[in-house]
> 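Sharing a structure below in structure tokens format, with a few things to ask.
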Amino acid sequence: MEQARTVLAGRIAERREGGDDPRALIGEMRRSVLLVPVADGGLWSVRSGGVRWICAFTDEPALARFALRHGPGEQPMEYAALLGARIVDEIVPALGEPAGLAVDIATEDGSMFFPPVVGIVPDAVAVDAGTAREGAGRGR
């Protein structure tokens with residue numbers, strides 16, 4: 001029996017299939033409680049492509065898939081339950097480096113990355129903030 005998806009997981013699936021409005025996906029991410037593994041006194045993250053990605057999960061089964069590969073063996077994986085908005089609005093800026101949010105990275109065909117760009121993270125830490133401001137002045 002397949003477990004019901006969270007609303008965010010459903011929006012991610014729709015977006016990956018080419019549907020759904022990206023703004024609706026971002027809004028749902030911001031409203032969703034995400035489970036973020038805790039390791040060494042901080043939130044679990046990885047660096048790739050010059051970006052630090054905070055790893056978060058839409059539900060416990062998604063977190064469990066990740067824990068099977070990256071967890072502390074037989075011990076349960078500790079995690080924090082945080083609103084997506086708190087992650088991108090407060091935690092990402094506090095990191096002091098380009099950072100984004102990686103959701104459900106251990107779910108085959110179900111992951112989604114929210115990069116550090118305008119509209120996802122605060123403009124002050126968005127890697128494209130200068131570009132976005134320049135484009136806004138062109139009368140688009």
Side-chain angles (χ1 to χ4, degrees):
M1 183 171 144
E2 187 175 322
Q3 182 169 343
R5 293 185 203 181
T6 64
V7 175
L8 178 57
R11 287 245 189 233
I12 289 171
E14 291 169 10
R15 185 69 192 138
R16 288 178 63 92
E17 292 169 4
D20 202 16
D21 177 0
R23 292 172 298 204
L25 174 63
I26 293 167
E28 194 59 49
M29 175 272 293
R30 295 179 62 76
R31 289 186 294 274
S32 295
V33 173
L34 297 169
L35 308 179
V36 184
V38 176
D40 301 324
L43 300 178
W44 190 292
S45 64
V46 297
R47 285 184 176 80
S48 179
V51 175
R52 182 172 175 179
W53 297 98
I54 297 172
C55 300
F57 301 90
T58 54
D59 57 23
E60 286 184 339
L63 176 61
R65 285 188 289 277
F66 175 79
L68 286 173
R69 294 183 186 169
H70 303 286
E74 295 296 316
Q75 298 176 344
M77 180 173 268
E78 292 186 40
Y79 64 88
L82 301 167
L83 275 176
R86 182 163 184 222
I87 296 169
V88 296
D89 291 345
E90 297 175 25
I91 296 170
V92 163
L95 294 174
E97 63 183 303
L101 179 62
V103 177
D104 287 353
I105 60 171
T107 302
E108 188 174 330
D109 297 328
S111 62
M112 182 62 61
F113 290 80
F114 296 89
V117 296
V118 170
I120 296 177
V121 300
D123 291 357
V125 297
V127 296
D128 66 337
T131 305
R133 280 194 287 272
E134 290 169 14
R138 294 188 185 149
R140 290 185 180 182

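Heavy-atom basis, side chains included; hydrogens, waters and symmetry copies ignored. Please read all numbers here as calculations on a predicted model, not as lab measurements.
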> Do L95 and M29 land in one hydrophobic cluster if side-chain heavy atoms of ILVMFWY residues count as linked below 4.5 Å?
yes

> Any chance you could lay out the side-chain contact (heavy atoms from CB on, under 4.5 Å) test for R30 and D89, step after step, and finish with the verdict?
CA-CA 9 Å; R30 295 179 62 76; D89 291 345; 2.5 Å; yes

> In the single-linkage hydrophobic clustering (I, L, V, M, F, W, Y; side-chain heavy atoms under 4.5 Å), do L83 and I12 co-cluster?
no

> Under a single-linkage definition using a 4.5 Å side-chain heavy-atom cutoff for Ile, Leu, Val, Met, Phe, Trp and Tyr, are M77 and V46 assigned to the same hydrophobic cluster?
yes

> Let me check something: do V121 and I91 share a hydrophobic cluster, defined by ILVMFWY side-chain heavy atoms less than 4.5 Å apart, either directly or through other members?
yes

> Between R16 and S111, which heavy-atom pair has the shortest distance, and what is it?
NH1-O, 2.8 Å

> Let me see the working for L34 and L82 under side-chain contact (heavy atoms from CB on, under 4.5 Å), right down to the final yes or no.
CA-CA 5 Å; L34 297 169; L82 301 167; 5.8 Å; no

> Using ring pair (Phe, Tyr, Trp, His ring centres under 6.0 Å) as the criterion, list what pairs up with F57, not counting sequence neighbours.
F66

> Hydrophobic cluster membership, with links at side-chain heavy-atom distances under 4.5 Å among I/L/V/M/F/W/Y: are V51 and V36 in one?
no

> What distance separates E17 CD from D109 CG, expressed to the nearest 0.5 Å?
9.5 Å

> Can you list the residues that meet the salt bridge (Lys or Arg N to Asp or Glu O under 4.0 Å) rule with R23, with sequence neighbours excluded?
D21

> Taking it one step at a time, do D104 and T58 satisfy side chain to side chain donor-acceptor pair (under 3.5 Å)?
CA-CA 7 Å; D104 287 353; T58 54; 2.7 Å; yes

> Would you say E60 has more than 12 foreign heavy atoms packed within less than 6.0 Å of its CD?
no

> On a heavy-atom basis, which atom in P98 and which in G50 lie closest, and how many Å separate them?
CB-O, 3.8 Å

> Got a sec, which residues hit side-chain contact (heavy atoms from CB on, under 4.5 Å) with R31, two or more places apart in sequence or on another chain?
E28

> Which residue pairs pass the side chain to side chain donor-acceptor pair (under 3.5 Å) test when at least one of the two sits in residues 61-72, sequence neighbours left out?
R65-T107

> How would you list, by chain and number, every residue that makes a side-chain hydrogen bond (donor to acceptor under 3.5 Å, both in side chains) with E78, sequence neighbours excluded?
none

> What closest approach, in Å, do A99 and V92 show between heavy atoms, and which atom pair accounts for it?
O-CG1, 3.3 Å

> Over all heavy atoms of both residues, which pair between L8 and S32 is shortest? Give the atoms and the distance, please.
CB-OG, 3.5 Å

> Picking from I87, L101, I54, what satisfies side chain to side chain contact (heavy atoms under 4.5 Å, CB included) with F114?
L101

> Which heavy atom of V88 sits nearest to which heavy atom of P93, and what is that distance?
O-CD, 3.5 Å

> What pairs of residues pass the ring pair (Phe, Tyr, Trp, His ring centres under 6.0 Å) test when at least one of them lies in residues 71-100, not counting sequence neighbours?
none

> Do you know the tightest heavy-atom contact between P37 and L63?
CG-CD1, 3.6 Å

> Rounded to the nearest 0.5 Å, how far apart are CG of D128 and CG of D123?
8.5 Å

